> 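Before we start, here is the structure in question, set down as structure tokens.
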Number of protein chains: 2
Amino acid sequence: MFVRITTDQTSRPNSLKHFRLASSSNPIVNLGEYTYKKGKEIYGEKEPAKYVYLVTRGAVRSYKLLSDGRRQIGAFHLVGDIFGLENGGTHRFTTEAVVETTLRLMKRQSLELVAEKDTLVSRDLLGLTTSNLQHAEDHMLLPGRKTSLEKVAAFLLEMDERLTAAGKISLPMSRRDIADYLGLTLETVSRAVSQLHKAGILEFIGSTQREIAILDRGLLARIDLHN
Amino acid sequence: MFVRITTDQTSRPNSLKHFRLASSSNPIVNLGEYTYKKGKEIYGEKEPAKYVYLVTRGAVRSYKLLSDGRRQIGAFHLVGDIFGLENGGTHRFTTEAVVETTLRLMKRQSLELVAEKDTLVSRDLLGLTTSNLQHAEDHMLLPGRKTSLEKVAAFLLEMDERLTAAGKISLPMSRRDIADYLGLTLETVSRAVSQLHKAGILEFIGSTQREIAILDRGLLARIDLHN
DNA sequence: CGGGGGCTTGAGGCCACTCAACGATAGTGG
DNA sequence: CCACTATCGTTGAGTGGCCTCAAGCCCCCG
């Protein structure tokens with residue numbers, strides 16, 4: 001049996017760890033790829049967790065709905081990220097495709113069956129959960145960030161780390177998504193981004209407002225004052 | 001070898017899972033009990049994680065300091081809770097005794113050594129991490145809660161779940177601790193508690209303001225509107 | 001009894017939210 | 001190709017809630 005999830009430890013000290021699945025071509029766990037249209041639900045909260053997903057194209061948002069209609073986004077899953085692994089067997093978040101997204105599916109049960117016999121695999125499942133935990137812990141620090149500017153700066157730095165493609169950030173998500181991730185309103189997010197633009201910290205590329213180049217990463221980090 | 005961490009699944013649907021260590025008397029992993037005075041640091045952020053701790057008396061706060069002196073508390077560890085298990089081998093938070101606290105220490109390495117050979121133990125370490133993750137995910141929903149009243153209500157409900165002793169909540173932590181946990185100021189927390197008191201939702205017991213009886217749990221939950 | 005820590009309460013200011021209007025872009029169909 | 005529309009983003013004005021600063025109270029402990 002050859003199933004291994006290996007950690008990519010090359011990232012910066014406090015950055016997220018992303019996992020790569022070496023066995024993605026293994027027919028026993030791999031169930032092929034599926035493409036979800038923009039806004040399509042992948043699974044709902046409290047549904048049984050049958051599959052584990054690897055993002056090969058696009059982006060996914062993971063959120064909970066409050067009774068009054070507010071939405072709290074807990075995480076964005078980007079290309080290369082694995083999500084959907086729930087130890088309890090039940091999903092705790094609803095997930096949707098942010099844009100047109102391709103996912104590689106794996107049977108959760110198969111993975112666990114392997115983990116049962118292979119301690120190394122089991123350790124790597126732990127590593128995956130730890131990675132999620134670390135992200136959640138980082139996100140937990142968010143309420144400590146006072147101003148909207150700090151929060152948006154922290155968000156941009158996170159995205160810069162995770163989907164940097166040659167100095168340019170191509171945000172797949174809308175201002176509303178960002179707002180629901182940060183606990184702000186979309187107007188406040190927009191104002192913060194505008195402010196960073198006027199301050200010369202970032203630049204818009206192209207016609208859309210989702211392609212951003214960060215000009216002064218150091219200043220952004222100082223605004224964030226994470227750590 | 002007989003080391004098992006068993007999950008306590010008797011709690012309510014969305015509540016925290018607490019873990020009990022069946023092998024606490026095992027001399028190989030158990031290194032005895034230590035008592036920490038109020039305010040004493042147990043370990044610092046970025047220190048190597050040598051031990052895993054079980055709270056047998058008191059309470060522990062786990063926090064990070066921002067560069068401008070602000071403090072974000074990520075979790076409170078109460079009697080029966082296990083903390084200090086860091087997969088990376090380095091602590092990501094600083095921990096302090098909130099009040100005089102007794103901890104049972106275990107060598108992290110011993111636990112991992114056992115886990116290496118015993119898949120069941122390995123699974124339970126995963127379970128512990130999952131439990132932490134679940135708490136972090138719940139706490140991540142906090143920024144989505146708009147008002148200070150909602151946040152304080154959510155906090156009281158959490159504490160009610162975790163340290164209920166015959167209908168009375170004995171909070172070990174100060175208003176400042178609560179504030180740093182919720183991302184509010186201590187004055188705002190105080191005002192929110194006062195408001196709940198005036199509304200007849202809770203009652204103070206004794207001379208201190210840390211002994212609280214919740215009179216209308218249903219109303220509290222409606223204020224929280226978690227889920 | 002004085003001191004200090006913890007908690008409450010009040011007054012005022014600022015920042016994020018709310019409501020609203022407008023502009024830009026992309027997709028649709030005539 | 002050009003309306004037409006819908007979605008997304010920006011910007012403005014006004015309000016309200018949380019923070020800040022401050023004073024005072026209570027309880028514990030020396």
Side-chain angles (χ1 to χ4, degrees), chain A residues 37-39 61 66 68-72 98-100 142-156 169-199 202-212 223, chain B residues 37-39 61 66 68-72 98-100 142-153 155-156 170-199 202-212 223:
Chain A
K37 287 226 165 59
K38 177 181 168 182
R61 59 176 166 253
L66 293 154
D68 66 344
R70 278 180 271 159
R71 182 184 66 162
Q72 176 64 44
V98 175
V99 291
E100 182 154 312
L142 201 118
R145 295 191 171 93
K146 273 197 171 48
T147 70
S148 61
L149 208 60
E150 279 180 73
K151 292 179 184 172
V152 171
F155 173 77
L156 290 174
I169 309 178
S170 293
L171 299 173
M173 69 289 287
S174 69
R175 298 291 191 258
R176 165 158 292 282
D177 286 336
I178 300 173
D180 289 348
Y181 181 64
L182 298 176
L184 299 169
T185 59
L186 65 96
E187 294 97 328
T188 301
V189 171
S190 179
R191 275 183 249 269
V193 173
S194 293
Q195 202 175 330
L196 292 172
H197 182 212
K198 278 172 202 149
L202 58 83
E203 196 73 46
F204 292 111
I205 299 173
S207 58
T208 75
Q209 291 95 331
R210 297 197 186 177
E211 311 241 306
I212 294 174
I223 290 174
Chain B
K37 287 226 163 58
K38 177 180 170 182
R61 60 176 166 253
L66 294 153
D68 67 342
R70 277 180 271 158
R71 182 183 65 162
Q72 175 65 43
V98 175
V99 290
E100 181 154 311
L142 201 117
R145 295 191 170 92
K146 272 197 176 48
T147 70
S148 60
L149 209 59
E150 279 180 73
K151 292 179 184 174
V152 171
F155 173 78
L156 290 175
S170 292
L171 299 173
M173 70 288 287
S174 69
R175 298 290 191 258
R176 164 157 294 282
D177 286 336
I178 300 173
D180 289 348
Y181 181 64
L182 298 176
L184 298 169
T185 60
L186 65 95
E187 294 95 329
T188 301
V189 170
S190 178
R191 276 183 249 268
V193 173
S194 293
Q195 201 174 331
L196 292 172
H197 182 210
K198 279 172 200 148
L202 58 83
E203 196 71 48
F204 291 113
I205 300 172
S207 58
T208 75
Q209 290 95 332
R210 296 198 187 178
E211 310 243 305
I212 294 174
I223 290 173

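Proteins come first, then strands; the chains are lettered A, B, ... in the order of their sequence lines, and each starts at number 1. Quantities reported herein were computed from a predicted structural model and do not represent experimental measurements.
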> Working to the nearest 0.5 Å, report the span between NZ of A:K37 and CD of A:E100.
6.5 Å
> I'd like to know if the side chain of A:Q72 reaches the main chain of B:G144, judged simply by a donor and an acceptor atom lying under 3.5 Å from each other, with no hydrogens or angles considered.
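Confirmed, A:Q72 side chain pairs with B:G144 backbone.
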> Can you list, pair by pair, the side-chain donor-acceptor contacts under 3.5 Å of residues 187-195 of chain B, counting residues two or more places apart and other chains?
from: B:T188; atom 1: OG1; to: B:T185; atom 2: OG1; distance (Å): 2.9
from: B:S194; atom 1: OG; to: B:S190; atom 2: O; distance (Å): 3.0

> Which residues in residues 179-188 of chain A have a heavy atom closer than 4.0 Å to any atom of DNA chain D?
A:L186, A:E187
> From A:L66 CG over to A:R71 CZ, what is the distance, rounded to the nearest 0.5 angstrom?
11.5 Å
> First and last nucleotide of DNA chain C touching chain A, 5' to 3', heavy-atom cut-off 4.0 Å?
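So the outermost contacting nucleotides come out as C:dA16 to C:dA26.
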> Looking at side-chain heavy atoms only, is the closest gap between B:F155 and B:L184 below 4.5 Å?
no
> How would you label the contact of B:S207 with the nucleic acid (heavy atoms, under 4.0 Å): base, sugar-phosphate, or nothing?
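If one applies the 4.0 Å heavy-atom cut-off, B:S207 turns out to touch the sugar-phosphate alone, with no base involved.
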> Suppose we screen for side chain to side chain donor-acceptor pair (under 3.5 Å). Which residues come up paired with B:S148, at least two apart in sequence or across chains?
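Testing B:S148 for side chain to side chain donor-acceptor pair (under 3.5 Å), a comparison that skips the adjacent residues, returns none.
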> Tell me, please, the opening and closing nucleotides of DNA chain D, 5' to 3', among those with an atom under 4.0 angstrom from a non-hydrogen atom of chain B.
D:dC18 to D:dC28
> If you assign A:V189 and A:T208 each to the DNA chain C nucleotide with the nearest heavy atom, which residue ends up on the more 5' nucleotide?
A:V189
> To the nearest 0.5 Å, how far apart are CG in B:L156 and CG in B:L196?
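B:L156 atom CG to B:L196 atom CG measures 6.5 Å (nearest 0.5 Å).
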> Once you apply a heavy-atom cut-off of 4.0 Å, does A:T147 come out as touching a base, just sugar-phosphate, or nothing?
sugar-phosphate
> State which residues pass side chain to side chain donor-acceptor pair (under 3.5 Å) with B:R176; sequence neighbours excluded, sorted by chain then number.
none
> Check whether A:R210 reaches the backbone of A:P172 with its side chain - one donor and one acceptor, N or O, closer than 3.5 Å.
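Pair found, side chain donor or acceptor close to backbone of A:P172.
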> Identify, between B:K146 and A:S194, the residue whose nearest nucleotide on DNA chain D lies closer to the 5' end.
A:S194
> For residues A:H197 and A:Q209, determine if any side-chain heavy atom of one lies less than 4.5 Å from a side-chain heavy atom of the other.
no
